[in-house]
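For clarity, every value in this text was computed on a predicted model and none was experimentally measured.
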Number of protein chains: 2
Amino acid sequence: MDLRSLRYFVAVAEERHIGRAAGRLHMTQPPLSRAIRQLEDELGVILFERTSKGVVLTPAGTVLYDETGALLRQADRIRSRVTDAAGTATLAVGTLADAAEQVGGRLVPLFRERHPHVNVTIRESDLGDPTAGLGAGLVDVAITRTPFDNTGIATHVLRSVPVGVVMRDDDPLARRASVSSAELAGRRWVRLPDGSDPAWTAYWTGGGQDDASPTVRTIQECLQAALWNGTLAVAPVDQPLPVGLVAVPLSDRSPSDLVVAWPKTGRSPLVRSFVQVAENCWGL
Amino acid sequence: MDLRSLRYFVAVAEERHIGRAAGRLHMTQPPLSRAIRQLEDELGVILFERTSKGVVLTPAGTVLYDETGALLRQADRIRSRVTDAAGTATLAVGTLADAAEQVGGRLVPLFRERHPHVNVTIRESDLGDPTAGLGAGLVDVAITRTPFDNTGIATHVLRSVPVGVVMRDDDPLARRASVSSAELAGRRWVRLPDGSDPAWTAYWTGGGQDDASPTVRTIQECLQAALWNGTLAVAPVDQPLPVGLVAVPLSDRSPSDLVVAWPKTGRSPLVRSFVQVAENCWGL
DNA sequence: ACGTCCGATACCCCACGGGTATCGTGTTGA
DNA sequence: TCAACACGATACCCGTGGGGTATCGGACGT
């Protein structure tokens, strides 16, 4: 008799219809039927009369329904009491600017749903810091991309994104299905901010920086540079591109992983919880 | 936050020691450690400070502990309210006489533990009715042995028991490691009560009944007949035998299944619950 | 009589909750 | 001071249970 079964029972009791209740619970009908029967078996009592147009509560089922509401409310109350007792916690989330929309739009709302009492702040990072503030201790957890120096940082891959080189659509290589790094030798590449992680810099650019190479701090600046100067830059191919630019897959560069990252030493359950939410969110 | 996790939490909080709490919960330490951490992650709160000699509740953990006792008690109260509302139910259990001891000594007590409000009656059946009263509608569920006519009866195997032929220890075949049916042709066999299930009769006896064959109604009578007259009978080899008798495995007779059986049409959750308990009981 | 709608059943598959073995670390006692 | 110990944490394995899809049986309502 766990709380899950009881929530299922309440849904069925209120809908008087297993199929509808299943929809309300975001599941399908067969496992809900089975769960109700298992609850009946465990209690040794028939809770619903099955009819051809739905189900109706038996007397025993009515008793269970009357009592269960209070139990579930009490469980929810306990949850909020406990989280309140922990004080007004704060979680700082770092993210690369181009992932900020996803993070702010889907992930953080989901997390707030789980932890309404927590103050979540989002810190958008530019391309100069692939750890999005984690390395500097500015944030507790980050959504970012590999590769970067991950000493002391634990990560979990959310999605693996192939990368391509972004160029103007009038570029000689623009129509190619894919290109290799060798074919891009000698071209002018964007420059990442000074002091950026070496692995990071090597991954997202080619070797061809000169004095005229523009330093870019955001994906947008990358694209502008590509549009205006024909400068090359590596970008995830799932980025929406403005007209006039195309992304040609790079045949010899491994995909970049979108990861959730947190300090290895950290023990904060909030961080762990955030990681779980992130995994579920991207798992969908 | 299911009730199981909360019970785990309460045990740890009271023992202040994960290992001891695990013992109290009849489990080992690692999964309990993990369960506590998962609960912490879900709530986004640290519940215990870990020290080198155990764990201590944090303020948030104290709040959870204070509230959880009431919740668990309420859950138990709901359980008894619901079962009470179903009225004073009765479950009639049929069993073959030789299995009665196991059923009455272990199975039924376990079942009473789960359903204290149910009146359980045990009906011991003789060898004339392999369904132990199920066929006649005298009982709701039975613990018995195959084979029998199982039309309309659902069964679940609890254990598979090899059978042997029971004979006096001065019988010429008594020292054999096993015998075949052919070697027993022409011997005198016990007779089961008239009207017994044909498959049942064929399984538990050989073909050699004559006017002098004794009719036996219990395993004990079987054994007496074997002792006094040298009559043969088939019996499970796990039966304890009186001195002077031996059971020689029958090489060409398949094992008999100890089964729990119930009417296929029956929908009583009590019966299902009993079946579950029986499976767990024999699964140990 | 047949189509429709309900819950029940059969079957598959992955996640989770159990297990064992081992580790890291802080305490303790020789 | 250092070795032995004790406790919780981790890594890994495995079976079960709770999800899913496809399908059945049976009761209405045309």
Separation of dG17(C) C1' from Phe9(B) CZ (nearest whole Å): 20 Å

Test side-chain contact (heavy atoms from CB on, under 4.5 Å) applied to Val10(B) and Tyr65(B), step by step: CA-CA 6 Å; Val10(B) 167; Tyr65(B) 179 69; 3.9 Å; yes

Atom CZ of Arg16(B): over 12 foreign heavy atoms under 6.0 Å: no

Distance, rounded to the nearest Å, where Gln38(B) contributes CD and dA15(C) contributes P: 14 Å

Pairwise distance CZ(Arg123(A)) to CG(Asp129(A)) - rounded to 0.5 angstrom: 6.5 Å

Salt bridge Arg145(A)-Asp197(A), side-chain N to carboxylate O under 4.0 Å: no

Contact list for DNA chain D against residues 13-25 of chain B - heavy-atom distance below 4.0 Å: His17(B), Ile18(B), Gly19(B)

Sequence neighbours excluded and cut-off under 3.5 Å, please list the side-chain donor-acceptor pairs for residues 41-52 of chain A, or say none.
residue  : atom : partner  : partner atom : Å
Glu42(A) : OE1  : Met1(A)  : N            : 2.8
Glu42(A) : OE2  : Met1(A)  : N            : 2.6
Glu42(A) : OE2  : Arg79(B) : NH2          : 3.1
Arg50(A) : NH1  : Glu40(A) : OE1          : 3.3
Arg50(A) : NH1  : Glu40(A) : OE2          : 2.8
Arg50(A) : NH1  : Phe48(A) : O            : 2.9
Arg50(A) : NH2  : Glu40(A) : OE1          : 3.1
Thr51(A) : OG1  : Lys53(A) : N            : 3.2
Thr51(A) : OG1  : Gly54(A) : N            : 3.2
Thr51(A) : OG1  : Gly54(A) : O            : 3.0

Euclidean distance, atom CG of residue Leu6(B) to atom P of dG17(C) [Å, nearest integer]: 13 Å

Phosphate OP1/OP2 of dG7(C) contacted by Ser33(A) side-chain N/O (<4.0 Å): no

Base-contact (B) and sugar-phosphate-only (S) positions in nucleotides 19-30 of chain D, heavy-atom cut-off under 4.0 Å, - elsewhere: BBBB----S-S-

Contact summary for Pro147(A) and Trp200(A), nearest pair of heavy atoms: O-CE3, 3.3 Å

Between P of dG8(D) and CD of Glu40(B), the distance in whole Å: 13 Å

Reported CG-to-CG distance for the pair Leu6(B) and Leu3(A), which is rounded to 0.5 angstrom: 7.0 Å

Separation of dA15(C) P from Asp2(B) CG (nearest whole Å): 19 Å

Touch class at under 4.0 angstrom, heavy-atom based, for Glu49(B) against every strand present: nothing

Separation of atom CZ in Arg37(A) from atom C1' in dA8(C), rounded to whole Å: 9 Å

Flag side-chain contact, heavy atom, 4.5 Å: Phe9(A) against Leu57(A): yes

Considering all heavy atoms, the nearest Pro109(A)-Gly104(A) contact: CD-O, 3.3 Å

Between P of dA9(D) and CG of Asp41(B), the distance in whole Å: 12 Å

